[in-house]
> 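Here you go, one structure.
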2 protein chains.
Amino acid sequence: MPASKRDQLLATAERLFYEQGFHATGIDRIVAAAGVVRMTLYNHFASKEALVAAVLTARHRRFIASLEAAMAAAVPGQETLALIEAHGDWLRSHSQHGCIMAKAMGEFAEHSAELHALAAAAKADLLARLEAAVARDGLNHSPGLARRLFMVLEGSNTAVALLDTATALADTRELADTLITTARSDAR
Amino acid sequence: MPASKRDQLLATAERLFYEQGFHATGIDRIVAAAGVVRMTLYNHFASKEALVAAVLTARHRRFIASLEAAMAAAVPGQETLALIEAHGDWLRSHSQHGCIMAKAMGEFAEHSAELHALAAAAKADLLARLEAAVARDGLNHSPGLARRLFMVLEGSNTAVALLDTATALADTRELADTLITTARSDAR
DNA sequence: GCGAAGTTAGATAGATCGGTCTATATAGGA
DNA sequence: TCCTATATAGACCGATCTATCTAACTTCGC
């Protein structure tokens with residue numbers, strides 16, 4: 001069973017938006033690349049803005065699913081590290097050119113409150129999951145630890161687009177390790 | 001003496017590009033906001049791409065100047081921290097919505113190799129200055145410390161657009177502190 | 001007062017933008 | 001078999017995009 005036209009459009013739009021930017025990617029280029037006609041797009045999505053929203057939502061859903069799979073397989077007490085590792089895996093395989101949510105926030109801050117909020121909510125979701133993992137690992141005596149780990153992951157997002165990916169991810173792991181170790185020793 | 005038309009254009013374009021994005025900001029909106037006519041822009045800049053390049057170059061020059069002023073005033077042996085503090089000051093006063101170079105890299109990765117390289121070079125410049133500061137502070141026994149601090153600053157860039165600015169900057173300072181302290185204790 | 005440089009106003013170009021419309025074709029299920 | 005949903009091809013809309021051109025107007029040093 002071939003992918004539905006809707007799914008083809010979502011996948012193609014996601015790729016083009018991610019690689020070329022949202023404003024710089026026109027409707028015509030998306031439908032041409034998806035091998036579909038313009039009216040088919042407008043049959044499935046009310047507007048370009050709605051298409052962007054669907055793309056961001058779908059991508060975040062996949063991201064969260066991959067995180068949750070990793071968390072489910074994690075050794076208890078090591079959930080925070082497992083989350084960071086899963087984030088790194090996602091970067092390596094899906095976000096080598098930076099985080100699509102960060103790009104969306106930059107492009108839509110003054111153009112679409114809805115899309116900006118959608119991307120910001122995705123970021124907030126990651127922070128909340130970090131906080132939950134930190135709590136489950138018994139590290140919540142260290143105020144702001146999750147927030148600082150979140151900042152490290154944000155730095156990692158940018159760094160993979162600037163440095164060698166393997167180096168950036170190794171640095172991320174080491175940073176997280178240092179923070180968690182420091183937090184544990186502070187607890188004593 | 002009022003600013004030259006060229007300077008008005010540069011300042012206006014920088015503001016609009018930063019707030020609205022590069023592709024989403026048209027020539028006409030820039031010249032209207034600058035109170036100037038379109039031919040004046042093309043009299044000073046060969047193309048929109050040349051204008052963007054001039055904006056990025058000028059902004060990076062100002063950024064570097066503010067870093068160097070802080071470094072010159074820094075206590076010897078504390079240059080790394082001074083640099084991180086100066087980066088935070090720049091974020092607070094000029095980059096509350098994220099780093100313009102990161103935005104440029106995202107928007108021009110597939111549209112202008114020249115502009116992408118320009119923005120990437122600005123990032124590389126910051127990393128190089130971090131490495132120099134780390135060396136002068138006698139911390140270069142810790143391999144990759146500058147790179148990890150760089151990643152923290154990149155995370156800080158994104159975080160100020162997501163969290164409370166003061167909190168994000170305090171976290172950045174604490175992160176840098178932890179890294180430097182860990183590096184010093186590893187040296188013994 | 002003169003000349004040169006910079007600026008203005010505004011027409012013009014061709015491409016592309018997001019979005020709509022209609023008429024035709026092709027499926028699959030009842 | 002017929003009905004409904006979906007897809008196609010392509011014309012069309014007004015707006016906007018970057019860029020160019022010409023002709024008239026300021027400004028300012030000499």
Side-chain angles (χ1 to χ4, degrees), chain A residues 1-56 103-104 106-116 118, chain B residues 1-56 103-104 106-116 118:
Chain A
M1 64 176 197
S4 74
K5 303 280 177 182
R6 194 189 136 96
D7 290 344
Q8 288 175 45
L9 278 167
L10 273 178
T12 305
E14 180 175 329
R15 180 173 57 82
L16 292 179
F17 285 150
Y18 182 56
E19 291 172 359
Q20 325 246 357
F22 297 93
H23 283 95
T25 302
I27 292 291
D28 283 348
R29 286 233 296 287
I30 296 170
V31 298
V36 144
V37 108
R38 188 169 36 247
M39 269 313 292
T40 301
L41 189 154
Y42 283 102
N43 193 15
H44 288 290
F45 305 97
S47 62
K48 185 184 182 181
E49 185 173 2
L51 173 62
V52 174
V55 163
L56 294 184
K103 293 190 184 201
E107 288 204 39
F108 294 116
E110 308 275 328
H111 285 86
S112 167
E114 185 200 326
L115 292 178
H116 182 270
L118 197 61
Chain B
M1 65 175 194
S4 73
K5 302 280 178 184
R6 194 188 135 95
D7 289 345
Q8 288 174 45
L9 278 166
L10 274 178
T12 306
E14 180 175 328
R15 180 174 58 83
L16 291 179
F17 285 150
Y18 181 56
E19 290 172 358
Q20 325 246 359
F22 298 92
H23 283 95
T25 302
I27 291 291
D28 282 349
R29 286 232 295 287
I30 296 170
V31 298
V36 143
V37 107
R38 185 164 45 243
M39 268 313 291
T40 301
L41 189 154
Y42 282 103
N43 193 17
H44 287 291
F45 305 96
S47 62
K48 183 184 181 180
E49 184 173 2
L51 173 62
V52 174
V55 163
L56 295 184
K103 293 190 185 201
E107 288 204 39
F108 294 116
E110 308 274 328
H111 284 87
S112 166
E114 185 200 326
L115 292 178
H116 183 269
L118 196 61

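All values reported here derive from a predicted model rather than from experimental measurement. These numbers come from the heavy atoms of this one structure, side chains and all, not from hydrogens, waters or symmetry mates. A note on names: the letters A, B, ... follow the listed sequences, proteins ahead of strands, and every chain is numbered from 1.
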> Looking at D:dT8, I'd like to know if its phosphate oxygens (OP1 or OP2) sit under 4.0 Å from a side-chain N or O belonging to A:T40.
yes
> Would you kindly give the CG-to-P distance between A:L41 and D:dA9, to the nearest whole Å?
15 Å
> Find the distance B:R6:CZ to C:dT7:C1' and express it as a whole number of Å.
16 Å
> Under 4.0 Å between any heavy atoms, over every strand shown, what does A:H23 touch: base, sugar-phosphate, or nothing? Just pick one.
nothing
> Calculate the interatomic distance between A:H44 atom NE2 and C:dT20 atom C1'; express it in whole Å.
17 Å
> Would you give the length of the straight line joining atom CG of B:L51 to atom NE2 of B:H44, rounded to the nearest 0.5 angstrom?
11.5 Å
> Taking only nitrogen or oxygen atoms into account, show me every contact under 3.5 Å that the protein makes with nucleotides 11-16 of chain D, one pair per line with its distance.
residue, atom, partner, partner atom, Å
D:dA11, N6, A:R38, NH2, 3.2

> Using whole Å, what does the distance between atom P of nucleotide D:dT18 and atom CG of B:N43 come to?
18 Å
> Side-chain contact test, heavy atoms from C-beta onward, threshold under 4.5 Å: evaluate it for A:F108 versus A:L118 and give yes or no.
no
> Please report the C-alpha distance between B:Y42 and B:I27 in whole Å, then the side-chain angles of each, then the deciding distance to 0.1 Å, and finally whether the side chain to side chain contact (heavy atoms under 4.5 Å, CB included) criterion is met.
CA-CA 10 Å; B:Y42 282 103; B:I27 291 291; 3.8 Å; yes
> Which value, rounded to the nearest 0.5 Å, describes the distance between B:K48 atom NZ and B:T25 atom OG1?
6.5 Å
> Taking atom P of D:dA9 as reference, at what distance in whole Å does atom NZ of A:K5 sit?
9 Å
> Determine to 10° how strongly the helix from C:dG1-D:dC30 to C:dA30-D:dT1 is bent, judged from the axes of its five-pair ends.
20°
> Taking atom P of C:dC17 as reference, at what distance in whole Å does atom CD1 of A:I30 sit?
10 Å
> NZ of A:K48 versus C1' of C:dG18: gap in Å, rounded?
8 Å
> Measuring from B:D7:CG to B:K5:NZ, what's the distance to the nearest 0.5 Å?
12.0 Å
> Heavy atoms, side chains only, cut-off 4.5 Å: are A:F22 and A:L56 in contact?
yes
> To the closest 0.5 Å, what do you measure between CD1 (A:I30) and CG (A:L41)?
6.5 Å
> Provide, to the nearest angstrom, the distance between the CE atom belonging to A:M39 and the P atom belonging to D:dA9.
14 Å
> Side chain of A:Y42 only, please: which of D:dA19, C:dG18, C:dA9 is the nearest?
C:dG18
> Could you tell me whether the side chain of B:E107 and the main chain of B:H23 form a donor-acceptor pair under 3.5 Å?
yes
